[in-house]
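Both counts, for ligands and for their atoms, begin at 1 and track the order of listing. Computed from heavy atoms alone, side chains included, the values below leave out hydrogens, waters and symmetry copies.
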Amino acid sequence: MAKNEFKGKRKKNQASASDEIITLNNVSKAYATGAPALNGVDLHIKKGEFVFIVGDSGSGKSTMIKLLLRELVPTSGDINVMGYDLVRIRHSKIPKFRRNLGIVFQDFRLLKDRNVYENVAFAQRIIQVSNKDIKRNVPSILATVGLAGKYKAKPRQLSGGEQQRVAIARALVNRPSILLADEPTGNLDPKNSWEIMKLLEQINENGTTVLVVTHNREIVNAMQKRVVTMKKGVIVSDEEKGGYIDED
Ligand code: ADP
Ligand code: MG
């Protein structure tokens, strides 16, 4: 009885932990010039996973992130994210698709002339959340990322670690199913890098699927998560509780 009650309250589209949320089948991406940035990539990620993507500069990590965001379309192969076929998706459906994704970059990309609160509220205004709900959601998400009390600060008044927390709050405020982070600690010192990675881990523990592109060898080795290693557009290893593979 109690069990059924719980079941009934689950959101309809909430899949069980074993369901795949990201699927790449034989995906290649060639730009106008140069060797293909991705070359026959297969990748399967389940709902609720935490995955590190590592590899040398130029190995295709950011290209993969852009494909997942549907910023790019693959040259060949199939990509499915949350049930959306990203090769065949209609343009009119892309904004709705993207609402399920949060994205964080190395360089924070905050609005410099807006304060912390407005930077996060902006993401909600775009999807027409009511002011009443924004007033509830923004403080709640800022507390989650450890920035309660910094609402009025402008980005330049914050440390790099704090700016990245604002960016993470902005990425999360619309409650995405997946958080993508492309070298989120690339501009941070070791202490702030650790704090940001721990925050991403906590977000994952609360149910969000998290993909993190990083060069941070020490953190990858310590955190014992799934590690996908790329080299020249190919996945060369994919390990549960993996480590950073040294270049030969
Ligand atoms: P990573 O994020 O692992 O450093 P990228 O995905 O950015 O790698 O790049 C993979 C390869 O694709 C590199 O050789 C890079 O020079 C090339 N590349 C990336 N973006 C473009 C582009 N817009 N036009 C042409 N080549 C590109
Ligand atoms: Mg990159």
Side-chain angles (χ1 to χ4, degrees), residues 22-45 49-81 86-87 89 91 94 97-98 101-110 160-161 163-164 167-168 170-171 176 178-190 192-194 196-197 199-200 204 209-221 223 225-239 242-248:
I22 294 175
T23 308
L24 279 76
N25 276 327
N26 201 15
V27 169
S28 296
K29 176 66 192 177
Y31 293 105
T33 55
L38 289 184
N39 200 347
V41 167
D42 290 307
L43 182 65
H44 302 263
I45 294 174
E49 279 199 275
F50 186 114
V51 183
F52 282 125
I53 313 278
V54 306
D56 289 347
S57 179
S59 59
K61 307 180 298 296
S62 293
T63 298
M64 187 192 283
I65 296 288
K66 286 173 188 163
L67 288 167
L68 295 175
L69 289 165
R70 217 329 189 129
E71 243 178 66
L72 294 175
V73 183
T75 309
S76 61
D78 277 305
I79 304 181
N80 192 296
V81 177
L86 294 193
V87 174
I89 188 173
H91 271 267
I94 293 174
F97 159 70
R98 289 211 180 114
L101 300 173
I103 172 80
V104 174
F105 301 97
Q106 175 171 356
D107 55 0
F108 320 135
R109 304 195 188 179
L110 301 175
Q163 289 183 59
Q164 194 60 298
I168 291 170
R170 178 184 57 189
I178 304 174
L179 181 66
L180 304 171
D182 194 350
E183 306 205 26
T185 65
N187 286 352
L188 303 179
D189 61 29
N192 276 298
S193 296
W194 262 111
I196 291 297
M197 288 294 193
L199 178 58
L200 296 176
N204 173 249
T209 305
V210 176
L211 258 74
V212 184
V213 171
T214 185
H215 281 116
N216 199 312
R217 179 178 299 267
E218 189 195 330
I219 291 179
V220 169
N221 287 338
M223 280 177 69
K225 304 289 190 190
R226 179 175 173 191
V227 181
V228 171
T229 305
M230 307 208 33
K231 192 171 183 177
K232 295 182 180 163
V234 174
I235 291 177
V236 292
S237 90
D238 183 348
E239 304 209 333
Y244 207 107
I245 295 187
D246 279 305
E247 274 299 300
D248 30 311

Is the backbone N or O of N26 less than 3.5 Å from a side-chain atom of D42, with the two atoms forming a donor-acceptor pair by type?
-> yes
Using a 4.0 Å heavy-atom cut-off, say whether D182 meets ligand 1 through its side chain, its backbone, both or neither.
-> neither
Has G55 got any heavy atom lying under 4.0 angstrom from an atom of ligand 1?
-> no
Starting from atom 9 (O) of ligand 1, locate the nearest protein heavy atom and write down its residue, its atom name and how far away it is, to 0.1 Å.
-> T63 OG1, 3.9 Å
Taking all non-hydrogen atoms of both residues into account, name the closest pair between E49 and H44 and its distance.
-> OE1-O, 4.1 Å
Do the non-hydrogen side-chain atoms of I53 and D182 ever get within less than 4.5 Å of each other?
-> no
Shell of protein N/O/S atoms around the Mg ion (ligand 2), taken as anything under 2.8 Å | S62 OG
shortest atom 27 (C) of ligand 1-to-protein heavy-atom contact is with Y31 CD1, 3.2 Å
Please identify each residue that fulfils ring-ring contact (aromatic ring centres under 6.0 Å, His included) with F50, with sequence neighbours left out.
-> F52
Taking the side chain from T229 and the backbone from G55, do they hold a donor-acceptor pair closer than 3.5 Å?
-> no
Quick one: CD1 on I22 to CD1 on I45, what's the gap to the nearest 0.5 Å?
-> 4.5 Å
Give the residue, atom name and distance (to 0.1 Å) of the protein heavy atom nearest atom 1 (P) of ligand 1.
-> G58 N, 3.5 Å
Heavy-atom protein neighbour under 4.0 angstrom from atom 15 (C) of ligand 1 | no
heavy-atom search around atom 8 (O) of ligand 1 in the protein gives G60 N, 3.2 Å
For atom 3 (O) of ligand 1, grab the closest protein heavy atom and report residue, atom and distance to one decimal in Å.
-> K61 NZ, 2.8 Å
Measuring from the heavy atoms of G34, does anything fall under 4.0 Å of ligand 1?
-> no
Charged N to carboxylate O under 4.0 angstrom, D238 versus R226?
-> yes
Which atoms of ligand 1 have any heavy atom of A37 under 4.0 Å away?
-> 10 (C), 11 (C), 12 (O)
Do I94 and I89 touch side chain to side chain, with heavy atoms closer than 4.5 Å?
-> yes
Does some side-chain heavy atom of V213 sit less than 4.5 Å from a side-chain heavy atom of M64?
-> no
Which atoms of ligand 1 are found less than 4.0 Å from any heavy atom of D56?
-> 3 (O)
Before signing off on this row, confirm whether S62 and ligand 1 have an N or O atom pair separated by under 3.5 Å.
-> yes
